[in-house]
Amino acid sequence: MSRLYGDPIEVWTRDGEPTQFVWRDRLYLVRRILDHWVVAREWWKTSEGDPGERRFWRVEAGPGREAGSYELRYDTAGNGWLLLRAWD
């Protein structure tokens, strides 16, 4: 079962991929990238140089030993990250 959130998060990356993130004042270490995809839409563009992309990652991550699956989204226009979904 998954839950939708849409919470802003702080993310650290290496080579463009998330390696850790802070959600609700807890640090989550990304153990594995499960999936990655990009969605581009013309109406998402905010300027001529903006590709209008949303980049998504489904990751296995957790604080400490426990781990879960999380869907993260990076918005190229706003340069911000969201935690969109978490799976039990």
Side-chain angles (χ1 to χ4, degrees):
M1 177 176 185
S2 70
R3 295 174 194 222
L4 295 174
Y5 292 99
D7 294 345
I9 56 174
E10 186 174 353
V11 177
W12 288 264
T13 62
R14 183 175 333 128
D15 299 326
E17 295 185 341
T19 58
Q20 56 188 9
F21 59 93
V22 174
W23 179 46
R24 297 186 174 174
D25 297 324
R26 294 182 79 186
L27 178 65
Y28 288 74
L29 300 177
V30 174
R31 296 188 173 106
R32 190 164 59 120
I33 304 286
L34 303 172
D35 200 3
H36 174 250
W37 65 99
V38 177
V39 177
R41 299 287 186 257
E42 188 66 31
W43 64 84
W44 285 340
K45 288 184 167 194
T46 59
S47 67
E48 189 60 38
D50 178 13
E53 291 179 351
R54 304 300 186 263
R55 299 177 187 165
F56 297 85
W57 282 267
R58 184 171 298 158
V59 300
E60 180 182 285
R65 291 185 198 185
E66 61 214 55
S69 294
Y70 301 89
E71 186 174 303
L72 313 179
R73 184 186 88 184
Y74 175 71
D75 178 357
T76 58
N79 201 28
W81 288 85
L82 295 176
L83 186 134
L84 291 180
R85 185 183 306 252
W87 283 263
D88 297 337

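FYI, side chains are in, hydrogens and waters are out, and symmetry mates aren't considered; it's all heavy atoms of this structure.
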So, for [X] and [Y], which heavy atoms are closest and what is the spacing to 0.1 Å?
X	Y	answer
Val11	Pro18	CG1-CB, 3.8 Å
Arg31	Glu66	NH1-O, 3.1 Å
Tyr70	Ala61	CE1-O, 3.3 Å
Leu34	Ser69	CD1-OG, 3.7 Å

Check step by step if side-chain contact (heavy atoms from CB on, under 4.5 Å) holds for Val59 and Phe21.
-> CA-CA 11 Å; Val59 300; Phe21 59 93; 4.3 Å; yes
Could you go step by step and tell me if Trp23 and Leu72 meet the side-chain contact (heavy atoms from CB on, under 4.5 Å) rule?
-> CA-CA 11 Å; Trp23 179 46; Leu72 313 179; over 6 Å; no
Between Trp81 and Trp57, is the ring centre distance below 6.0 Å?
->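 Yes, the ring centres sit under 6.0 Å apart.
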Residues Thr19 and Arg14: side-chain donor-acceptor under 3.5 angstrom | no
Is it the case that one hydrophobic cluster holds both [X] and [Y], taking links as side-chain heavy atoms less than 4.5 Å apart, direct or via other members?
X	Y	result
Leu82	Phe56	yes
Leu84	Tyr74	no
Leu29	Leu83	no

Spacing of [atom1] belonging to [X] relative to [atom2] belonging to [Y], to within rounding of 0.5 Å:
X	Y	atom1	atom2	value
Glu10	Gln20	CD	CD	9.5 Å
Arg32	Glu60	CZ	CD	4.5 Å
Glu71	Trp37	CD	CH2	4.0 Å

